[in-house]
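So the structure is just underneath, and the comments pick up after that.
Numbering starts at 1 and runs along the sequence shown. In this text the structure is predicted, and so the values were computed from the model without any measurement.
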Amino acid sequence: QVKLVESGGGLVQPGGSLTLSCAASGFLVETYDIGWFRQATGKEREGLAGSSSRDSSTHTAAPVKGRFYISRDSANNTLNLQMYNLKPEDTGVYYCGATNRMGTRIEDVIAGSKPYYAMDVWGKGTLVTVSS
């Protein structure tokens with residue numbers, strides 16, 4: 001059974017940093033297209049950053065480029081998201097999503113040319129609140 005479990009969320013002040021971790025079970029993270037997504041209250045889930053299974057390339061959405069960095073930890077079978085210079089608008093529930101469906105590329109989902117629901121494995125999310 002494939003499963004994703006996010007951790008690391010919490011309350012952080014504006015300008016602060018936080019690292020989220022997504023632990024995968026039932027599959028190896030490098031064999032799936034996998035990424036981090038965020039859903040703010042009243043808004044649709046949006047892609048933030050992802051890692052491709054084909055060439056290990058990473059892809060980051062424009063709104064968070066230069067502040068959010070994604071990395072895979074094969075030893076622990078996790079996908080991490082390092083977030084810097086956090087802003088109040090970064091508040092939301094952060095989800096990890098993955099797919100191995102043919103024709104679905106994480107770079108297309110992160111870029112918005114494919115919907116977030118193209119990913120077919122999801123974790124339950126972790127809440128990040130950026131507030132003073």
Hphob cluster co-occupancy, Phe37 + Leu20, side-chain heavy atoms under 4.5 angstrom: no
Phe27 to Ala98 - nearest heavy-atom pair and separation: CZ-CB, 4.1 Å
Thr126 and Ser7: CA distance, side-chain angles, deciding distance, side-chain contact (heavy atoms from CB on, under 4.5 Å) verdict: CA-CA 6 Å; Thr126 185; Ser7 62; 5.7 Å; no
Ring geometry between Phe68 and Tyr94 (parallel below 30°, tilted from 30 to 60°, perpendicular above 60°): tilted
Asp90 to Arg67 - nearest heavy-atom pair and separation: OD2-NH1, 2.8 Å
Donor-acceptor pair, side chain of Lys114 and main chain of Gly103, under 3.5 angstrom: yes
For Asp120, salt bridge (charged side-chain N to carboxylate O under 4.0 Å, His left out) partners two or more places apart: Arg101
hydrophobic_cluster_shared for Val64 and Tyr84, side chain cutoff 4.5 Å: no
Smallest separation among heavy atoms of Arg72 and Ser56, with atom names: NH2-OG, 2.7 Å
Nearest-0.5 Å distance that lies between atom OG in Ser21 and atom CH2 in Trp36: 6.5 Å
Least distance between heavy atoms, Leu81 atom then Leu48 atom: CD2-CD1, 4.3 Å
Approximate separation, where rounding is to 0.5 Å, of Ile110 CD1 and Ser51 OG: 10.5 Å
Sub-4.5 Å side-chain heavy-atom contact between Met119 and Ile106: yes
ILVMFWY network linking Tyr95 to Tyr69, side-chain heavy atoms under 4.5 angstrom: no
Interatomic spacing from CD in Gln39 to CD in Glu44 - rounded to 0.5 Å: 8.0 Å
pair Asp33-Ser53: side-chain heavy atoms closer than 4.5 Å: yes
Student check: side-chain heavy atoms of Thr104 and Val109 closer than 4.5 Å: yes
Atom pair OG1 (Thr129) and CD (Gln13), whose distance is rounded to the nearest 0.5 Å: 13.0 Å
Residues forming a salt bridge (charged side-chain N to carboxylate O under 4.0 Å, His left out) with Glu107, sequence neighbours excluded: Arg54, Arg105
Distance (rounded to the nearest 0.5 Å) between Met83 CE and Leu18 CG: 4.5 Å
Which atom of Glu6 lies closest to which atom of Lys124, heavy atoms considered: OE1-N, 3.1 Å
Linked, directly or transitively: Leu79 and Leu28 (ILVMFWY side chains, under 4.5 Å): no
Heavy-atom closest contact (Ala24 atom, Val29 atom, distance): CB-CG1, 3.6 Å
With Pro88, the side chain to side chain contact (heavy atoms under 4.5 Å, CB included) member among Ser132, Pro14, Ser131: Pro14
Approximate separation, where rounding is to 0.5 Å, of Ile70 CD1 and Ile34 CD1: 7.5 Å
Cluster link Tyr116 to Val93, ILVMFWY, side chain under 4.5 Å: yes
